[in-house]
Amino acid sequence: MTSYIHILGDSELALWGLRGKQRLERQLGQLAGVALIEAAASIPPDASVIYLRGDYLFDGRLLQALVDTEAPFILTTKTGCPVVAVRAHGDIADKVAAIFSGRLEEAEPSLPIRSVNELAHVPDLRLRKYDALTLLPIGRENRQSLEKELFSGSYKGVTDFVTKWLWPLPARLATKLCVQHQIQANQVTLASLVLAILAGLLFWHGYFGPGLLLGWIMTFLDTVDGKLARVTVTASRLGNVLDHGLDLIHPPLWYWAWAVGLSASGLLAAPLSVLIWLIFLGYIGGRVCEGIFELWLARFSIFIWRELDSFHRLVTARRNPNMVLLTLGYMAGRPDVGLYLVILWHGLCTLFLAWRALLAWREKQRTGALVSWLEGIDPQQDRHRLAVRVFIRRPVQ
């Protein structure tokens, strides 16, 4: 069934370079079965239409929920302001406009009034987070808070400690510069690719310091490109393939290059071939455990199964924590020890993930389905729990 959507009005200012109506159009363009109607006069007779106010910021999950809803109703904000008319008939466009102006007495009796608080708040398992649904007016007085909300909402809730606590502020400033200079997310990703190759070449030839510098810049840009794509609603299949493909492939190649650089410099005590085997076995083993969990045991990441798994994700043997180990080894004058620590940490984390996958398999055999700890969480009432305080943002008011 096609969902006809008509946007009424627009915001006076832009958030991350997009006015409210333009952002809505991009968001809705990513949903299946949606037809945007520019003029009310072109609405098909007797069509069931969703009316949206263009001067409000909508959460993507909320838009999907509205499209999936069949029963007609008027949706209001937490303060009672009417913002959405769901499945209203095309011949009441004038009444809908009056409703959005606050004259609820002109509403059709067949359109019950519901608050956004009544809608189910579900976790975003794709981004491994739980955020309350956003439905807020766009105004000059709250522009900064809304841009901060959009940027914070673009982050994965469960990620490594570098991405979670070190990168947000500089990444937000870099994203702002990209928006101002019309730099696209895919361009940032391509820059990351170039830096990843250059860093690997420097590691291969034993230039660990310059390689680490370029590597850290690459990891930073790897954070920026995803945030830029989400806040500007420009995520694409090509960008997703480039970004995730790069993330998947380059880390073990960096460690391999680091080992070759150590061997050429005469700093490697262990046989090079043995270390290379250990590097790839540890890296691939961990990825296999993650894949088994997500493909055969559950439809979400292993890192959001239990709270323990989310805390493990902060330090698990992924690129950023391993870069910290390599950097510490280099700064101590022992780049070989940094590599040994990376290999050891990969092995320990792979064993941990294998144990967690085995426990998950037994749990699924016993209960029939696995459930993420994010499901059923109340961000306000459960603030006393450490995992909620660490991984779940407070809802914006």
Side-chain angles (χ1 to χ4, degrees), residues 123-130 156-164 219 222 243-259 270-326 328-329 337-375 377 385-387 390-391:
D124 187 341
L125 300 184
R126 180 179 60 88
L127 290 181
R128 301 197 295 267
K129 66 178 183 176
Y130 184 113
K156 290 181 179 179
V158 178
T159 185
D160 65 86
F161 70 94
V162 175
T163 302
K164 190 171 187 64
T219 66
D222 186 44
D243 186 34
H244 289 87
L246 179 60
D247 289 346
L248 183 66
I249 294 173
H250 82 272
L253 298 181
W254 274 5
Y255 314 144
W256 179 12
W258 190 283
L272 177 61
S273 59
V274 173
L275 292 181
I276 292 174
W277 272 106
L278 290 176
I279 287 169
F280 280 93
L281 285 175
Y283 181 81
I284 295 174
R287 289 291 190 169
V288 167
C289 292
E290 295 176 38
I292 288 174
F293 183 94
E294 194 163 347
L295 292 176
W296 291 312
L297 299 179
R299 292 303 177 186
F300 52 83
S301 168
I302 192 173
F303 297 115
I304 57 172
W305 177 38
R306 294 286 186 265
E307 294 177 19
L308 173 63
D309 302 303
S310 295
F311 282 109
H312 175 235
R313 180 62 181 88
L314 290 172
V315 296
T316 195
R318 289 288 189 90
R319 179 197 60 210
N320 287 356
N322 286 338
M323 282 287 287
V324 172
L325 294 177
L326 291 176
L328 291 176
V337 172
L339 180 65
Y340 298 148
L341 289 175
V342 167
I343 294 173
L344 175 62
W345 190 233
H346 260 301
L348 293 175
C349 289
T350 296
L351 290 175
F352 180 82
L353 289 171
W355 171 62
R356 299 301 293 168
L358 177 60
L359 290 182
W361 175 78
R362 294 176 59 184
E363 175 74 10
K364 186 173 183 179
Q365 295 298 310
R366 185 175 63 85
T367 63
L370 300 181
V371 178
S372 169
W373 73 271
L374 292 175
E375 300 184 56
I377 287 293
R385 294 168 58 175
L386 179 60
V390 171
F391 298 109

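All heavy atoms count here, side chains included; hydrogens, waters and symmetry mates do not. Predicted model, so just to flag it, every value in this text is computed and none were measured.
Remark: E307 engages R385 in a salt bridge (charged side-chain N to carboxylate O under 4.0 Å, His left out) (not counting sequence neighbours).
Between T350 atom OG1 and Y283 atom OH the span is 10.5 Å, to the nearest 0.5 Å. Note: F391 CZ to I304 CD1 = 11.5 Å, rounded to the nearest 0.5 Å. Interatomic distance, CD1 of I284 versus SG of C289, reported as 12.0 Å (0.5 Å rounding). One finds the CD1 atom of I276 at 6.0 Å from the CH2 atom of W256 (value rounded to the nearest 0.5 Å). How far CZ of R366 is from CH2 of W361: 13.0 Å, rounded to the nearest 0.5 Å. Interatomic distance, OG of S310 versus CG of L386, reported as 11.0 Å (0.5 Å rounding).
Side-chain contact check for L297 versus I302: every heavy-atom pair is 4.5 Å or farther apart. Using a 4.5 Å heavy-atom cutoff, the side chains of T219 and V162 are not in contact. Within the 4.5 Å cutoff, the side chain of M323 has no heavy atoms near those of the P251 side chain. Side-chain atoms of L275 and Y340, non-hydrogen and from C-beta on, do get closer than 4.5 Å to each other.
In this structure a side-chain-to-backbone donor-acceptor pair under 3.5 Å is present from K164 to G157. Using a distance-only test at 3.5 Å, with no hydrogens or angles considered, a donor-acceptor pair links the side chain of W345 to the main chain of V315. Under a 3.5 Å cut-off, the side chain of T316 and the backbone N or O of R318 do not form any donor-acceptor pair.
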Test side-chain contact (heavy atoms from CB on, under 4.5 Å) applied to I279 and L339, step by step: CA-CA 9 Å; I279 287 169; L339 180 65; 4.3 Å; yes
side-chain contact (heavy atoms from CB on, under 4.5 Å) assessment of R306 paired with L359: CA-CA 11 Å; R306 294 286 186 265; L359 290 182; over 6 Å; no
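Of the candidates L281, N322, L351, L278, H346 forms a side-chain contact (heavy atoms from CB on, under 4.5 Å) with just one, namely N322. For the ring pair (Phe, Tyr, Trp, His ring centres under 6.0 Å) with F300, the qualifying choice from F293, W305, W373 is F293, the only one to do so. In summary, of the residues considered (K156, R356, E290), a side-chain contact (heavy atoms from CB on, under 4.5 Å) with F303 occurs for E290 alone.
Here the two rings, on W355 and F352, have centers that are under 6.0 Å apart.
Residue A317 comes nearest to C349 through the heavy atom pair N-SG, 3.4 Å, listed as atom of the first residue, atom of the second, then distance.
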